[in-house]
Amino acid sequence: MAAAAAVLTNSARATPAHRIVTGSKSDTEGPLLGNLISLVLEGLGLSVERRLGLGPTLIVRTALLAGEIDLYPEYTGNVAFFSGTESEPAWKTGESAYALALRLDAARGLVWLKRAPANNTWLIAVQGALARERGLATMLDFAGAVHDDRIRLAASTEFVESPAALPSFESAYGFRLPLSRIVSLPGGDTAVTARAAAEGISGINAGMVYGTDGALAALDLTVMSDPKGAQIVYEPAPVIRAGTLERHPQIRGALDRVFARLDADTLRRLNAAITVEGRTAAAVAAEWLGTQANRP
């Protein structure tokens with residue numbers, strides 16, 4: 001813990017006059033990022049109460065707006081849905097999505113700190129053998145395989161039905177995947193869809209995934225790139241109540257330094273340590289933060 005704390009700040013340590021409540025969603029990456037945030041704050045000398053794994057997005061967002069938690073890791077693109085602006089083109093690039101999220105949430109008394117350079121958006125991964133056989137690397141290639149009736153996709157119902165997900169890919173790349181070639185699951189567990197694709201369960205050879213999924217590091221899957229930017233950008237960043245940041249301004253610099261180092265490859269490795277190796281999010285977060293202790 002001492003090594004982890006050393007990386008967090010060059011500024012004076014704070015006296016904990018007020019306990020800060022950190023939250024997170026209940027997926028794999030939520031508690032990982034929530035633990036990183038908590039460790040950073042404790043390294044500043046702040047008193048922290050963890051409420052990690054609270055639930056899905058709506059529950060955690062509501063808790064933040066209600067003042068039940070002070071901050072949590074969120075994804076820029078989710079503000080599109082909070083604000084009903086999903087069709088706004090700005091959500092399709094990292095810089096403009098971040099700027100718009102910052103502006104829209106400022107009106108709600110929320111501040112977005114530095115975003116990680118990792119897009120955890122919806123993507124499609126194809127079984128490695130098929131990708132190598134067909135030379136599949138992009139969604140343009142994927143569209144060709146769909147036209148040739150080579151794709152069987154496992155995905156969540158939301159991915160299949162949401163205009164921002166599969167229909168957006170279909171519109172951008174000129175294909176239509178019939179429902180008869182889709183195994184639609186009620187949940188959004190990409191560990192299930194990725195494994196189905198990798199193992200060819202029920203003839204499935206493609207699966208819905210997220211950009212920083214840990215399973216991608218362990219399975220023979222090829223993620224299709226999205227050169228046309230069909231998907232909304234989802235880069236993670238701490239979102240904090242403005243009043244909390246005003247009381248503890250040193251939080252910004254400390255968290256900014258840490259999130260700047262969380263690129264997609266790093267997050268995949270850390271998530272894999274949890275989902276594949278079975279380690280706890282708290283242990284993975286503490287170990288990685290410790291490795292950053294001597295970095296400027």
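Just so you know, residue 1 is the first one in the sequence shown, and it goes up from there. Here the structure is a predicted model, which means the values were calculated and not measured.
The backbone N or O of A164 lies less than 3.5 Å from a partner atom in the side chain of S162, making a donor-acceptor pair. Remark: side-chain polar atoms of N205 are paired, donor with acceptor, to backbone N or O of R150 under 3.5 angstrom. The main-chain N or O of A165 is found under 3.5 Å from a side-chain atom of Q231 such that the two form a donor-acceptor pair. A donor-acceptor contact shorter than 3.5 Å links the side chain of R241 to the backbone of L65. Although no hydrogens or angles enter the test, the distance criterion places a donor-acceptor pair under 3.5 Å between the side chain of S24 and the main chain of G53. With hydrogens and angles ignored, the 3.5 Å screen pairs a side-chain donor or acceptor of S96 with a backbone N or O of A90. With hydrogens and angles disregarded, a donor-acceptor distance shorter than 3.5 Å links the side chain of T291 to the backbone of W288. At least one donor-acceptor pair under 3.5 Å links the side chain of T121 to the backbone N or O of I232. For T138 (side chain) and L140 (main-chain N/O), a donor-acceptor pair under 3.5 Å exists by modelled atom type. Between the side chain of D256 and the backbone N or O of K114, at least one donor-acceptor pair lies under 3.5 Å.
Among all heavy-atom pairs drawn from G207 and A197, the shortest one is N-CB, 3.6 Å. For the residue pair E246 and P249, the shortest heavy atom distance occurs at O-CD, 3.6 Å. Between S156 and S184, the shortest heavy-atom contact is C-OG, 4.0 Å. Across P238 and I37, no two heavy atoms sit closer than the pair CB-CD1, 4.0 Å. For G128 against T222, the heavy-atom pair with the smallest separation is CA-OG1, 4.2 Å.
A heavy-atom distance below 4.5 Å is not found between the side chains of L71 and L245. Two residues are said to be in side-chain contact when any heavy atoms from C-beta on lie closer than 4.5 Å; T212 and E29 meet this criterion. Counting heavy atoms from C-beta on, the side chains of E68 and L54 never come closer than 4.5 Å. With contacts defined as side-chain heavy-atom distances shorter than 4.5 Å, the pair R51/Y72 does not qualify. Two residues are said to be in side-chain contact when any heavy atoms from C-beta on lie closer than 4.5 Å; R252 and I240 fail this criterion. In this structure, the side chains of D220 and R132 come closer than 4.5 Å at one or more pairs of heavy atoms. Residues F259 and R115 have side chains not in contact (no heavy-atom distance under 4.5 Å, counting atoms from C-beta outward). Using a 4.5 Å heavy-atom cutoff, the side chains of Y173 and V146 are not in contact.
Between W91 and the options V233, L100, N78, a side-chain contact (heavy atoms from CB on, under 4.5 Å) holds for only L100. V126 pairs with exactly one of D141, L136, L221, L153 by the side-chain contact (heavy atoms from CB on, under 4.5 Å) rule, that one being L136. Residue T190 is tested with T275, D213, T28 for a side chain to side chain donor-acceptor pair (under 3.5 Å); the sole match is D213.
The number of heavy-atom neighbours closer than 6.0 Å to NZ of K228, taken from other residues, nucleotides and ligands shown, is above 12. With a 6.0 Å radius and a threshold of 12 heavy atoms from other residues, nucleotides or ligands, R195 has its CZ atom at or below the threshold.
In this model, a donor atom of one side chain and an acceptor atom of the other lie less than 3.5 Å apart for T22 and S38.
The structure places CD of E74 at 5.5 Å from OG1 of T57, a figure rounded to the nearest 0.5 Å. In this structure, CG in L166 is found 11.0 Å from CE in M208, a value given to the nearest 0.5 Å. For the atom pair CZ of R176 and CD of E170, the computed distance is 5.0 Å after rounding to the nearest 0.5 Å. Rounding to the nearest 0.5 Å gives a distance of 10.0 Å between CG of L32 and OG1 of T280. Taking CG of L33 as the reference point, atom CG of N35 lies at 9.5 Å (rounded to 0.5 Å). Here the CG-CD distance, from L262 to E235, works out to 12.0 Å after rounding to the nearest 0.5 Å.
Salt-bridge formation is not detected for the pair K92/D226: no Lys NZ or Arg NE/NH1/NH2 atom is positioned less than 4.0 Å from an Asp or Glu carboxylate oxygen.
Each of I204 and L123 belongs to its own hydrophobic cluster when Ile, Leu, Val, Met, Phe, Trp and Tyr are linked at side-chain heavy-atom distances under 4.5 angstrom. Taking hydrophobic clusters as Ile, Leu, Val, Met, Phe, Trp and Tyr residues chained together by side-chain heavy-atom distances below 4.5 Å, I274 does not share a cluster with L219. No chain of hydrophobic side-chain contacts below 4.5 Å, direct or via other Ile, Leu, Val, Met, Phe, Trp or Tyr residues, connects I201 to I151. In the hydrophobic cluster analysis, where Ile, Leu, Val, Met, Phe, Trp and Tyr join through side-chain heavy atoms closer than 4.5 angstrom, L113 is grouped together with F82.
Ring-plane geometry between W122 and Y234 is classed as perpendicular, the angle between the planes exceeding 60 degrees on a 0 to 90 degree scale with a lower cut at 30. The aromatic rings of F169 and F159 are tilted relative to each other, their planes meeting at an angle between 30° and 60°.
The side chain to side chain contact (heavy atoms under 4.5 Å, CB included) test applied to E287 returns R279, not counting sequence neighbours.
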